[in-house]
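What you are looking at is a predicted structure, and each value in this text was computed from that prediction instead of being measured. Numbers here simply count residues along the sequence, with the first being 1.
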Amino acid sequence: MEDLREDHPVDLVAALARARSPERPGPDTPAGTAVRPWPGPPRPLPSARPADLDLDALLRLSLAASDASGRLRPAPSAGALHPVDTALVVGAGCSLPPGRYGYDPLRHRVHHLGPPPAEAPPGVTAELTVTARRTRSHYGHRAWPLLLLDTGHAAAALYLAARVLGTGAPEARLDGLTGTPLAAVRVPPPGEQGHRRPADEPARGPSGPTPAPADLLARRSAPPPLPGTPSHEALRAVLATAEHAAAGGPLRWSAAVGPPAPGLLALAPGGTALRRYATGEARPALAAWAAGQAWIADAGAVLLAHGCPSDADAAHIRRAHLRAGFAVHLAQVTALRHGLAARPVGSWQQADLGAALGAPPGRDWIVHALALGTRHADEENPT
């Protein structure tokens, strides 16, 4: 049995294989503190001068909690456990003086950790790590895929906030090459030009219009059920956003839909239409694979990220899950802009989609999903 202590290297290949198995997690354990205990006194985020990057606004639109418990945050998290910790490497051109800071999303405060590295670029680089205990407390051995997906969602929240604020072009590093940090998002100060994205980095923004601040503050995972089949145009836009965000990555994207023509849809070449590549009702199987969440069988549609074969190494596993979380987050914002209800679904067991469609087993596993509907639960059951 793998050891998931915070100070112990994780055999990610073994952890993913076990998470994909039908084994059930044990009883809940204590989750620990909701925020990493950063050293030193907390500091408020100062107001930004006109030419500076406004870190107060960036973090409020991306990571800050909006309730005292800390459960409600702009980036979704499995079980609302929020395991992602954020260290800020602040360079020139920011509302904070240059240095390293730990961010407390519950109090919206920072803790000064020391000077910045000598090579720190202008703007801020948010380094994302995880406290595995928080997610492990409820999900047990299923925690590690969820930790990686949550990190991808947090990276996307920072990326979108930077886009909304009109900074220089943000860059999300989701290459999966390191375990600490798992991911990083660099946000340049306003007006920076000419920065080149690394060739291996496919993380991109939405393929449609940049969202408004209200769009980011309003994003929440809709409670089930999520009935009502989205229009083909809305579904095409959601799929296009996910594929654009993860372009060049190791995943494929499709959507399961129900009657009147149940099956699996994907983007046609050129991305302007949908094509059907499998027929038949897939949603009941998805519900069984998604930790037995029966409501998925009646969702209007289910966006699927799939790939990450059984023989993938640790870097491939990290990259696939980080990019799946990143892309599903952007797809969720697109869904909300089209008036859809949306809820990410991250826990998948025995979800070998390729084998279910007659392909060799172990090559095409479901990694992440986004359940979609045209009506929210509270519209189905008005008070």
Strictly distance-based, threshold 3.5 Å: is any side-chain N or O of [X] a donor or acceptor partner for the main-chain N or O of [Y]?
X: Gln349; Y: Ala291; value: yes
X: His244; Y: Ala240; value: no
X: Trp289; Y: Gln350; value: yes
X: His112; Y: Gly114; value: yes
X: Ser77; Y: His82; value: yes
X: Ser231; Y: Ala234; value: yes

Identify the heavy atoms of [X] and [Y] that sit nearest to each other, and give their distance.
X: Leu128; Y: Ala155; result: CD1-N, 3.7 Å
X: Pro230; Y: Ala301; result: CD-CB, 3.8 Å
X: Ala282; Y: Ala256; result: CB-CB, 4.2 Å

From [X] atom [atom1] to [Y] atom [atom2], the distance as rounded to the nearest 0.5 Å:
X: Asp85; Y: Arg134; atom1: CG; atom2: CZ; result: 4.5 Å
X: Cys94; Y: Leu88; atom1: SG; atom2: CG; result: 9.0 Å
X: Leu267; Y: Arg252; atom1: CG; atom2: CZ; result: 14.5 Å
X: Ser254; Y: Leu303; atom1: OG; atom2: CG; result: 7.5 Å
X: Leu357; Y: His306; atom1: CG; atom2: NE2; result: 8.5 Å
X: Leu265; Y: Thr279; atom1: CG; atom2: OG1; result: 11.0 Å

Would you please test His111 and Tyr103 for ring-ring contact (aromatic ring centres under 6.0 Å, His included) and show each step? CA-CA 7 Å; His111 296 250; Tyr103 177 58; 9.7 Å; no

Salt-bridge contact [X]-[Y] (side-chain N to carboxylate O under 4.0 Å):
X: Arg337; Y: Asp215; value: yes
X: Arg283; Y: Glu281; value: yes
X: Arg363; Y: Asp311; value: yes
X: Arg60; Y: Asp56; value: yes

Can you confirm whether [X] sits close enough to [Y] that some side-chain heavy atom of one is under 4.5 Å from a side-chain heavy atom of the other?
X: Val328; Y: Trp253; answer: yes
X: Leu81; Y: His138; answer: yes
X: Pro227; Y: Asp298; answer: no
X: Arg18; Y: Arg142; answer: no
X: Arg73; Y: Leu63; answer: no
X: Val345; Y: Leu286; answer: no
X: Leu59; Y: Leu158; answer: yes
X: Pro105; Y: Val35; answer: yes

In terms of hydrophobic clustering (I, L, V, M, F, W, Y; side-chain heavy atoms under 4.5 Å; direct or indirect links), are Leu251 and Leu372 co-clustered? yes

Do Val130 and Leu16 belong to the same hydrophobic cluster, where Ile, Leu, Val, Met, Phe, Trp and Tyr are linked whenever their side-chain heavy atoms lie under 4.5 Å apart, directly or via other members? yes

Would you confirm whether the ring centroid of His153 sits within less than 6.0 angstrom of the ring centroid of His368? yes

Is there a salt bridge (charged side-chain N to carboxylate O under 4.0 Å, His left out) between Arg186 and Glu192? Walk through the geometry before answering. CA-CA 12 Å; Arg186 187 197 167 221; Glu192 179 175 297; 2.9 Å; yes

Side chains of Asp28 and Ser137: donor-acceptor distance under 3.5 Å anywhere? no

So, Arg136 versus His141: side-chain donor-acceptor pair below 3.5 Å or not? no

Take a 6.0 Å sphere around CZ of Arg276 and say whether it holds more than 12 heavy atoms from other residues, nucleotides or ligands. yes

What do you reckon, is CZ of Arg275 surrounded by more than 12 foreign heavy atoms closer than 6.0 Å? yes

Assess the residue pair Thr125 and Arg100 against the criterion (side chain to side chain donor-acceptor pair (under 3.5 Å)); give the C-alpha distance rounded to whole Å, side-chain angles, the decisive distance to 0.1 Å, and a yes or no. CA-CA 10 Å; Thr125 300; Arg100 285 185 60 86; over 6 Å; no

Audit row: Leu239, Thr241, side chain to side chain contact (heavy atoms under 4.5 Å, CB included) steps and yes/no: CA-CA 5 Å; Leu239 271 164; Thr241 295; over 6 Å; no

Using side chain to side chain contact (heavy atoms under 4.5 Å, CB included), reason through Leu58 and Leu55 one step at a time and then give a plain yes or no. CA-CA 5 Å; Leu58 178 76; Leu55 296 178; 4.2 Å; yes

Exactly one of Leu61, Thr334, Leu216 should register a side-chain contact (heavy atoms from CB on, under 4.5 Å) with Pro211. Which one does? Leu216

In chain order, what residues pass the side-chain contact (heavy atoms from CB on, under 4.5 Å) check against Ala355, with sequence neighbours excluded? Asp352, Pro361

Residue pair Tyr139, Ser347: steps toward the side chain to side chain donor-acceptor pair (under 3.5 Å) verdict: CA-CA 9 Å; Tyr139 293 97; Ser347 188; over 6 Å; no

